[in-house]
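In what follows, a single structure is set out as structure tokens and then discussed.
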Amino acid sequence: MTELDVRALQRRLAAFAAERDWEQYHTPKNLAAALSVEASELVEIFQWLTPEQSARVMERPETAHRVADEVADVLAYLLQFCEVLGIDALAALSEKIERNEARFPVPERLDTSEPPDRHSSE
């Protein structure tokens, strides 16, 4: 998704809310709460699945549709939240990735022919 696409979606969401006089409810607190609720609804789909079942969730049309709908709800509230607070979501993400790359450098291994130990505490 490009920045232009994000801005276009934010404009559509803002217009949708304005046409229904919902802007008054789109405060940072309310949008953060709604985002949390929608994220919880996404988690609910996976709640009692095994790791193997969760990896295959998109294979079943009925669950794939539910997952996609909840992802859309989460993204919609996140974009509205960013719009209200003036956050450039893509720039914020890029900056966060850069900080994480500096904070968590790729570990150096002596023997690169062996796979890394994912459980190492080094």
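In this chain, residues are counted from 1 in sequence order. All figures in this text were calculated on a predicted structure; none of them were measured in a lab.
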Original post:
With a 4.5 Å limit on heavy-atom distance, are the side chains of Q80 and V84 in contact?
Top reply: no
Subject >> S54 side chain vs P51 backbone, donor-acceptor pair below 3.5 Å >> reply: yes
**OP:** Keeping the roles fixed (side chain from Q10, backbone from L79), state whether a donor-acceptor pair exists under 3.5 Å.
**Re:** yes
Original post:
If Ile, Leu, Val, Met, Phe, Trp and Tyr residues are connected whenever their side-chain heavy atoms lie under 4.5 Å apart, and connections chain through other members, are V43 and V67 in the same group?
Top reply: no
Original post:
Between E44 and R66, is there a salt bridge with N-O shorter than 4.0 Å?
Top reply: no
**OP:** Treat each ILVMFWY residue as a node, draw an edge where side-chain heavy atoms are under 4.5 Å apart, and state whether V71 and L78 are in one component.
**Re:** no
Original post:
Take atom OH in Y25; do more than 12 heavy atoms of anything else shown fall under 6.0 Å from it?
Top reply: no
**OP:** Report the C-alpha distance between H26 and N30 in whole Å, list the side-chain angles of each, state the deciding distance to 0.1 Å, and finish with yes or no for side-chain hydrogen bond (donor to acceptor under 3.5 Å, both in side chains).
**Re:** CA-CA 6 Å; H26 288 191; N30 288 350; over 6 Å; no
Original post:
Between Q53 and T50, is there a donor-acceptor pair closer than 3.5 Å when you use the side chain of the first and the backbone of the second?
Top reply: yes
Original post:
Any link between L49 and M58 through a network of hydrophobic side chains (Ile, Leu, Val, Met, Phe, Trp, Tyr) touching at under 4.5 Å?
Top reply: yes
Subject >> Spacing of CZ belonging to R7 relative to CG belonging to L90, to within rounding of 0.5 Å >> reply: 11.0 Å
**OP:** Can you measure from CD (E83) to CG (L31) and round to the nearest 0.5 angstrom?
**Re:** 10.5 Å
Original post:
Should V74 and I45 be regarded as members of a common hydrophobic cluster, given that ILVMFWY residues are connected when their side-chain heavy atoms come within less than 4.5 Å of each other, either directly or indirectly?
Top reply: no
**OP:** Calculate, to the nearest 0.5 Å, the distance between atoms OH and CG belonging to Y77 and L35 respectively.
**Re:** 9.5 Å
**OP:** Is it possible for you to check whether R20 lies under 6.0 Å from the centre of the six-membered ring of F16, through NZ or CZ, and within 45° of that ring's axis?
**Re:** yes
Subject >> Value rounded to 0.5 Å, distance of CG in L93 from CD1 in I97 >> reply: 4.0 Å
Subject >> Heavy-atom pair with the smallest gap, counting every atom of I87 and A92 >> reply: CG2-CB, 4.2 Å
Original post:
Quick one: CD on E38 to CG on L75, what's the gap to the nearest 0.5 Å?
Top reply: 11.5 Å
**OP:** Keeping the roles fixed (side chain from T63, backbone from V57), state whether a donor-acceptor pair exists under 3.5 Å.
**Re:** yes
Subject >> Heavy-atom donor-acceptor pair, S40 side chain to S36 backbone, under 3.5 Å >> reply: yes
